[in-house]
Amino acid sequence: MKPLGDSPRQPLSGTDELARLLRNGFDVRGRSVAVLVDNAVRDTVIHQRVTAALEGAHSETFVLSGPGDLRGVCTLSGRLADAELVVGLGGGSLLDQAKLATLMASGPELSARLTVPQRSGLIVLAPAPSRPMPLIAVPTTVGTGSESSAVACLAYPQGKRLVMGRVLRPEAAVLAPEATVTLPQELVAEGVLEALFRLVSPYVGDHHDLPPQDARVEAAAGRLVRLGYGVREAARAGERSSDRLRREIAELSGSSHGESFHEGRDPYAVKGWLIANELSTVLAIRKMTAVAALLPVLWRAIDAGERRLGSARRLRRLWSLLRSEGPERLPADPASGVAALIDSWLIERRIAMTPSQTETAARRIVRAWGAGLPMLGGLDGDDLLRLLREAAEPLPEPFVA
């Protein structure tokens, strides 16, 4: 779904700019600051530099692990109630928790909105109270753009929900090379694919031409394809992606949430995201593994005339541009071409499912996004079963004695 609210703010560059912001913009000396840090980067160089930038503040560190859920976010919100500033240091899951927990500290209204019983996978915060303390986001991954987005994912017993609202967007974002320097190459490559998928899904999913927005998407998507090949070449050489390369990926990922790319689009032109989100939950796999498995299948269906998923004409136009952006000539067929691109970037896209897992995923997708809700555009359980079966290799049901 397209982002809500104004375009993302320009991110700060590095911990020196963060220190200046803390000193001159927020004047943290003597103030209460909460630092939320992902356990995976605790006591690393970036954690140490963020801590050093808070010299003079009364800072308290909270270490978080895992994706978080509604109960955990509510608990965290209570612990942040006295903070005058919050700094979130981690990947997309941690930053989503930080965005929601700081907003919930404004009072009971948001908690009530997040806990109201509903089957829909979408929660829209409009109107909503503003965040009572500033939030500075320092991402340690690339691809999600959570540091610049007006959305957050939250785990519920029945599955993940997407929370949307302009008030979610952090007050500031900091892109620091030392925050992503140890990121495994496969996750850097997946970050490029995530940003690319976010850009092109509304473009392909909407049947209408919007020349200014189309041109921006085409240019940014082409740049991402070139960056993806840059990540591949570094991996082939046994090297890490350069600071410059990771910075460019992060910048494009964050900006891809902006209105300049998506204004005027069908807000439900991103059905692949919804399907992949539920699939990753059912199989307990990374979201981008699910996306990589689904993307060629979705494009094959669109190219064959499945208008509920998108425009074959616009897909062909976009792919004719993207396939020539790299050092190798990719197939002209969009589905075969994007599969070859994903394989070339060394991203895993092979998944396997039992019949019961396939049926469970289809039911969950319909319950959260279809069956009278507008997000699936009329796709039903049988449609989803066909897509899921094509995306995954079949597995036999486990034997039960």
Side-chain angles (χ1 to χ4, degrees), residues 1-12 36 38 67-68 73 86-104 110 114 121-126 128 130-131 134-155 160-175 179-180 187 190-203 213 216-217 220-221 224 247-263 265 267-270 272-274 276-277 280 287-288 291 375:
M1 276 151 265
K2 73 175 184 178
L4 298 179
D6 302 327
S7 293
R9 300 168 179 84
Q10 185 69 25
L12 302 177
L36 310 182
D38 193 310
V73 167
V86 175
V87 179
L89 174 63
S93 294
L94 180 138
L95 296 182
D96 283 356
Q97 293 177 70
K99 288 153 68 172
L100 289 165
T102 51
L103 198 56
M104 288 177 73
L110 183 60
L114 294 178
L122 175 65
I123 300 174
V124 178
L125 306 179
S130 60
R131 183 178 285 115
L135 170 63
I136 300 175
V138 186
T140 58
T141 59
V142 297
T144 69
S146 181
E147 71 279 1
S148 301
S149 78
V151 299
C153 287
L154 185 60
K160 292 179 184 176
R161 286 179 175 166
L162 182 66
V163 186
M164 302 179 69
R166 66 185 64 192
V167 290
L168 282 169
R169 183 170 284 130
E171 279 64 39
V174 180
L175 301 182
T180 56
L187 297 187
E190 286 185 8
V192 181
L193 181 63
E194 182 166 3
L196 180 65
F197 190 52
R198 183 183 306 116
L199 269 176
V200 304
S201 292
Y203 178 108
Q213 294 90 325
R216 294 187 194 103
V217 170
L224 279 168
R247 166 80 190 204
E248 285 192 59
I249 296 166
E251 286 178 339
L252 273 175
S253 178
S255 68
S256 68
H257 288 280
E259 288 281 351
S260 63
F261 292 110
H262 309 297
E263 188 175 11
R265 295 274 182 235
Y268 304 126
V270 288
W273 276 115
L274 313 180
N277 188 63
S280 68
K287 180 176 62 179
M288 291 316 299
V291 166
M375 297 81 163

Item to check | Least distance between heavy atoms, V87 atom then V138 atom | outcome: CG1-CG2, 4.2 Å

Checklist entry - Yes or no on side chain to side chain contact (heavy atoms under 4.5 Å, CB included) for V291 and E194, after CA distance, side-chain angles and deciding distance? => result CA-CA 8 Å; V291 166; E194 182 166 3; over 6 Å; no

Next on the checklist: I'd like to know if the side chain of Q213 reaches the main chain of E263, judged simply by a donor and an acceptor atom lying under 3.5 Å from each other, with no hydrogens or angles considered.
Outcome noted: yes

Checklist entry - Can you name the closest pair of heavy atoms from V142 and A250 and give their distance? => result CG1-CB, 4.1 Å

Checklist entry - Is it true that a side-chain atom of T140 and a backbone atom of A179 form a donor plus acceptor pair closer than 3.5 Å? => result no

Checklist outcome for this item: Separation between CG (L100) and SG (C153), nearest 0.5 Å, reads 9.5 Å

Item to check | Separation between OG of S201 and CZ of R265, rounded to the nearest 0.5 Å | outcome: 11.5 Å

Checklist entry - How close do L168 and A150 get, heavy atom to heavy atom, and via which atoms? => result CD1-O, 3.8 Å

Item to check | Considering all heavy atoms, the nearest L114-M104 contact | outcome: CD1-SD, 3.9 Å

Checklist outcome for this item: So CD1 of I249 and CG of L224: to nearest 0.5 Å the spacing works out to 8.0 Å

Next on the checklist: In the structure I gave you, are the side-chain heavy atoms of F197 and W273 within less than 4.5 Å of one another anywhere?
Outcome noted: yes

Next on the checklist: Tell me if a side-chain donor or acceptor on R161 pairs with a main-chain N or O of I123 at a distance below 3.5 Å.
Outcome noted: no

Checklist entry - Are L125 and V163 close enough that some pair of their side-chain heavy atoms sits under 4.5 Å apart? => result yes

Checklist entry - Looking only at atom types and distance, does a side-chain atom of S253 sit under 3.5 Å from a main-chain N or O of G145, one as donor and one as acceptor? => result yes

Next on the checklist: Using a 3.5 Å distance criterion without hydrogens, assess whether the side chain of S255 forms a donor-acceptor pair with backbone atoms of L252.
Outcome noted: yes

Item to check | Donor-acceptor under 3.5 Å (H262 side chain, S256 main chain) | outcome: yes

Item to check | Gap separating the CG atom of L94 from the CG atom of L36, nearest 0.5 angstrom | outcome: 6.0 Å

Checklist outcome for this item: Rounded to the nearest 0.5 Å, the OG atom of S146 sits from the NE2 atom of H257 at a distance of 7.0 Å

Next on the checklist: Looking at T144, is its backbone amide N or carbonyl O close enough to the side chain of R198 to form a donor-acceptor pair, meaning the two atoms are under 3.5 Å apart?
Outcome noted: yes

Item to check | Smallest separation among heavy atoms of A137 and L95, with atom names | outcome: CB-CD2, 4.0 Å

Checklist entry - Could you give the distance from CE (M375) to CG (L122), rounded to the nearest 0.5 Å? => result 4.5 Å

Item to check | For the student: nearest non-hydrogen atoms of K99 and P170, plus distance | outcome: CG-CG, 4.0 Å

Checklist entry - Taking the side chain from E171 and the backbone from I136, do they hold a donor-acceptor pair closer than 3.5 Å? => result no

